Structure formats: C-alpha cells, structure tokens
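Written out below as structure tokens is the structure these notes cover.
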Amino acid sequence: MFNIILFGPPGSGKGTQSENLVTKYQLKHLSTGELLRKEIAAETPLGKAAKLVMDEGHLVPDEVVIGMIGSVLKNNEHAKGFLFDGFPRTVAQSEALDELLKQEKAEINVVLALEVGEEELMKRLLSRGLTSGRSDDHSQEIVRERIVEYHKKTTIVADYYKQFNKVVSIKGEGTVDEIFLSLCNEIDKRLS
Ligand code: AP5
C-alpha cells in the first residue's frame, strides 16, 4: 500500500491535483470535505450538524471525521493505496490515522505540502465562490476564517510528520500541469 497525504491550506489545489493523481497512480481518493458535503446534500443528522460548523469556516469535530475515515478504510482494504485530501487536519486526526493504518500494516509514505501565498488563496476561493455554490467560498470573512483555522489547528500537522521525515514542500503556484509534474516527481522517487 502506498499512502499519500496531499497537504495545504484551503484553495492550495488539493482537490484539483488529487483528481489527476488518483487516476495516474490508481489510488483511492479520500477527501473529508467531499464526504461531509455528501452528508450535507443527503440532509443526514451528521450533515446538518457539520454544515453549521463548515459555514463558519471552522473544523468539524475530530471524532466525526475520524469515524468517517475509519469506515472508508475498512470498506477499501484491498486498495493499492489512499490519497488523503483535507485529512488529517489536527494532530489528533494524524495520530488516529497512523493507528488505523497500522492495523492494516501500512503507513503514510509521504506528505506533499502545497505552498501557496495567502493573497492567491483568497483570489482562488472567492473566484470559485462566484460559481461553485459552495457556501463556505462566497464571503471574504468565511474564507479568511478557514485560513485562520488552518494556521491555528492544521499547520502543526506538518510538524507532526516532519519528525518522521515524511514532508516535502511543493510550490503550489503556477499552472496545474507544472504542479502536477512536481508532485509526480516526488511520488516516483519513492515508488522506484
Ligand atoms: P475541504 O473540502 O477539505 O476544503 P479546503 O481544504 O478548504 O479545500 P478546498 O477544496 O477549498 O481547496 P483545495 O486545496 O482542495 O483547492 P482546489 O483544488 O479545490 O473542507 C471544507 C470544510 O470541511 C472545512 O473548512 C471544514 O469545515 C470541513 N472539513 C473537511 N475536512 C475536515 C477535517 N479533516 N477535519 C475537520 N473538518 C474538516 O482549488 C481551489 C480553486 O483554485 C479551484 O477553483 C481551482 O480550480 C483553483 N486552482 C487550483 N489549482 C490552481 C492553480 N494552479 N492555479 C490557479 N487556480 C487553481
């Protein structure tokens, strides 16, 4: 199993790059944001509770996302590997993920961290908000709050994986193709 965390702030291109990476490397894409948006669309109790938090730009409680990830891992035990997008976002989530993977005799192989300046992040998210219908994209305050939340709770996830030498920084500004190439270079080095 080859497992990747695609790491980075909101708007850094995790979702965009994930789509191409999972196709190329035949990995199972696991985006907690997408899973939560499906719960919201289905109007489940979990979705209704998550929407209130997401619309403020804050993180959904750890136990909720860890539970979701746990079931997806269990249902995909024969996957070649996973690409985690938007997860883990706290140290508690990282520790829980390591534990879940250990049960499968697997681990995180690399954390690819997309680096994008704050002005570019704001520009990308607000411009997507004009058409996407994503309620957490359309106001400058909510987008800013998501970035603040990232600095408060999520940047330390990179420090957590740095202690195991698993983090590689990738320039996340440029064309989608240029960034994809940089990501593939790092993955290929580890696969060969
Ligand atoms: P989530 O869905 O994970 O969103 P996010 O991390 O805020 O990320 P985005 O999807 O907005 O950005 P991205 O980095 O994927 O960039 P994208 O490729 O889309 O989370 C949403 C919410 O769910 C969270 O705020 C939280 O409330 C909750 N949540 C999710 N996971 C959680 C967890 N683990 N724990 C707790 N709560 C959780 O690109 C953005 C835009 O930029 C697009 O329009 C794209 O076309 C454009 N773009 C991409 N690449 C480029 C490029 N190279 N140049 C120009 N534009 C580009």
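When a ligand or atom number is given, it counts from 1 through the structure's own listing order. Being a predicted model, the structure only gives us computed values, none of them experimental.
Closest to atom 7 (O) of ligand 1 among all protein heavy atoms lies Arg146 NH2, 2.7 Å. Atom 18 (O) of ligand 1 has Thr16 OG1, 2.5 Å as its closest protein atom, hydrogens excluded (heavy atom only). Of all protein heavy atoms, the one lying nearest to atom 31 (N) of ligand 1 is Thr32 OG1, 2.8 Å. Looking from atom 12 (O) of ligand 1 to the surrounding protein, the closest heavy atom is Gly11 N, 2.9 Å. Closest protein heavy atom to atom 56 (N) of ligand 1: Arg124 NE, 3.5 Å. Among all non-hydrogen protein atoms, the one lying nearest atom 10 (O) of ligand 1 is Arg134 NH1, 3.0 Å. The closest protein non-hydrogen atom to atom 16 (O) of ligand 1 is Gly13 N, 3.0 Å.
Between Tyr160 and Phe164, the two ring planes are perpendicular [angle over 60°; tilted spans 30° to 60°].
With ligand atoms numbered from 1 in the order given, ligand 1 contributes 33 (C), 35 (N) to contacts under 4.0 Å with heavy atoms of Val65. In the vicinity of Leu36, heavy-atom distances shorter than 4.0 Å reach the ligand 1 atoms 23 (O), 28 (C), 29 (N), 30 (C), 38 (C). Within ligand 1, counting atoms from 1 as listed, the ones closer than 4.0 Å to a heavy atom of Ile179 are 53 (N). Near Ser12, meaning under 4.0 Å from one of its heavy atoms, ligand 1 places the atoms 14 (O), 16 (O). Close contacts of ligand 1 with Leu125, meaning ligand atoms under 4.0 Å from a residue heavy atom, involve 11 (O). With ligand atoms numbered from 1 in the order given, ligand 1 contributes 52 (C), 53 (N), 54 (N) to contacts under 4.0 Å with heavy atoms of Gly174.
Shortest non-hydrogen contact noted between Phe7 and Pro88 is CE1-O, 4.3 Å. For the residue pair His138 and Gly129, the shortest heavy atom distance occurs at CB-O, 4.2 Å. Summarising the geometry of Ala113 relative to Val167, their closest heavy-atom pair is CB-CG1, 4.3 Å, with the distance given to 0.1 Å. Leu121 and Ser12 get closest at one heavy-atom pair: CD2-N, 3.7 Å. Between Glu186 and Val168 the shortest heavy-atom distance is CD-CG1, 3.6 Å.
Residue Gly15 has at least one N or O atom closer than 3.5 Å to an N or O atom of ligand 1. Some N or O of Gly86 is nearer than 3.5 Å to an N or O of ligand 1, by distance alone. For the pair His58 and ligand 1, the shortest N or O to N or O distance falls below 3.5 Å. Between Gly57 and ligand 1, not a single N/O pair is under 3.5 Å apart. Close N/O approach between Val60 and ligand 1 is found [any backbone or side-chain N/O within under 3.5 Å]. At under 3.5 Å, not a single nitrogen or oxygen of Asp85, backbone or side chain, sits near a nitrogen or oxygen of ligand 1. Taking only nitrogen or oxygen atoms, main chain and side chain alike, Lys14 reaches within less than 3.5 Å of ligand 1.
Here Glu149 has no heavy atoms under 4.0 Å from ligand 1, in either its backbone or its side chain. Heavy atoms of Leu59 found under 4.0 angstrom from ligand 1 belong to the backbone as well as the side chain. Under 4.0 Å from ligand 1, the heavy atoms of Asp136 that appear belong solely to its side chain.
At least one heavy atom of Pro9 sits under 4.0 Å from some atom of ligand 1.
With Glu178, Arg128, Glu56 as candidates, the residue nearest to atom 44 (O) of ligand 1 on a non-hydrogen basis is Arg128. For atom 30 (C) of ligand 1, the candidate residues are Arg89, Lys51, Met68, Glu120; the nearest heavy-atom contact is made by Arg89. Compare Gln93, Met54, Arg37, Glu34 by their heavy atoms: the one nearest to atom 2 (O) of ligand 1 is in Arg37.
Using a 3.5 Å distance cut-off with no hydrogens or angles, the side chains of His29 and Glu19 do not pair a donor with an acceptor.
Ion pairing between Glu119 and Lys123 fails under the 4.0 Å rule for side-chain N and carboxylate O. Using a 4.0 Å cut-off between charged nitrogen and carboxylate oxygen, Lys38 and Glu34 do not count as a salt-bridge pair.
Put simply, Leu59 and Ile142 are part of two different groups of oily side chains (I, L, V, M, F, W, Y) that touch within less than 4.5 Å, one to the next.
Atom CD of Glu43 sits in a sparse spot, with 12 or fewer heavy atoms from other residues, nucleotides or ligands closer than 6.0 Å. Other residues, nucleotides and ligands place no more than 12 heavy atoms under 6.0 Å from the NZ atom of Lys28.
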- Kindly determine whether Arg146 and Glu149 satisfy salt bridge (charged side-chain N to carboxylate O under 4.0 Å, His left out), including the steps that lead there. CA-CA 5 Å; Arg146 285 163 62 196; Glu149 189 83 334; over 6 Å; no
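Exactly one of Asp98, Asp62, Thr32 qualifies for a side chain to side chain donor-acceptor pair (under 3.5 Å) with Gln93. That residue is Asp62.
Taking CG from Asn185 and CZ from Arg190, the interatomic distance works out to 10.5 Å, rounded to the nearest 0.5 Å. For the atom pair Asn76 CG and Leu30 CG, the distance stands at 7.5 Å (nearest 0.5 Å).
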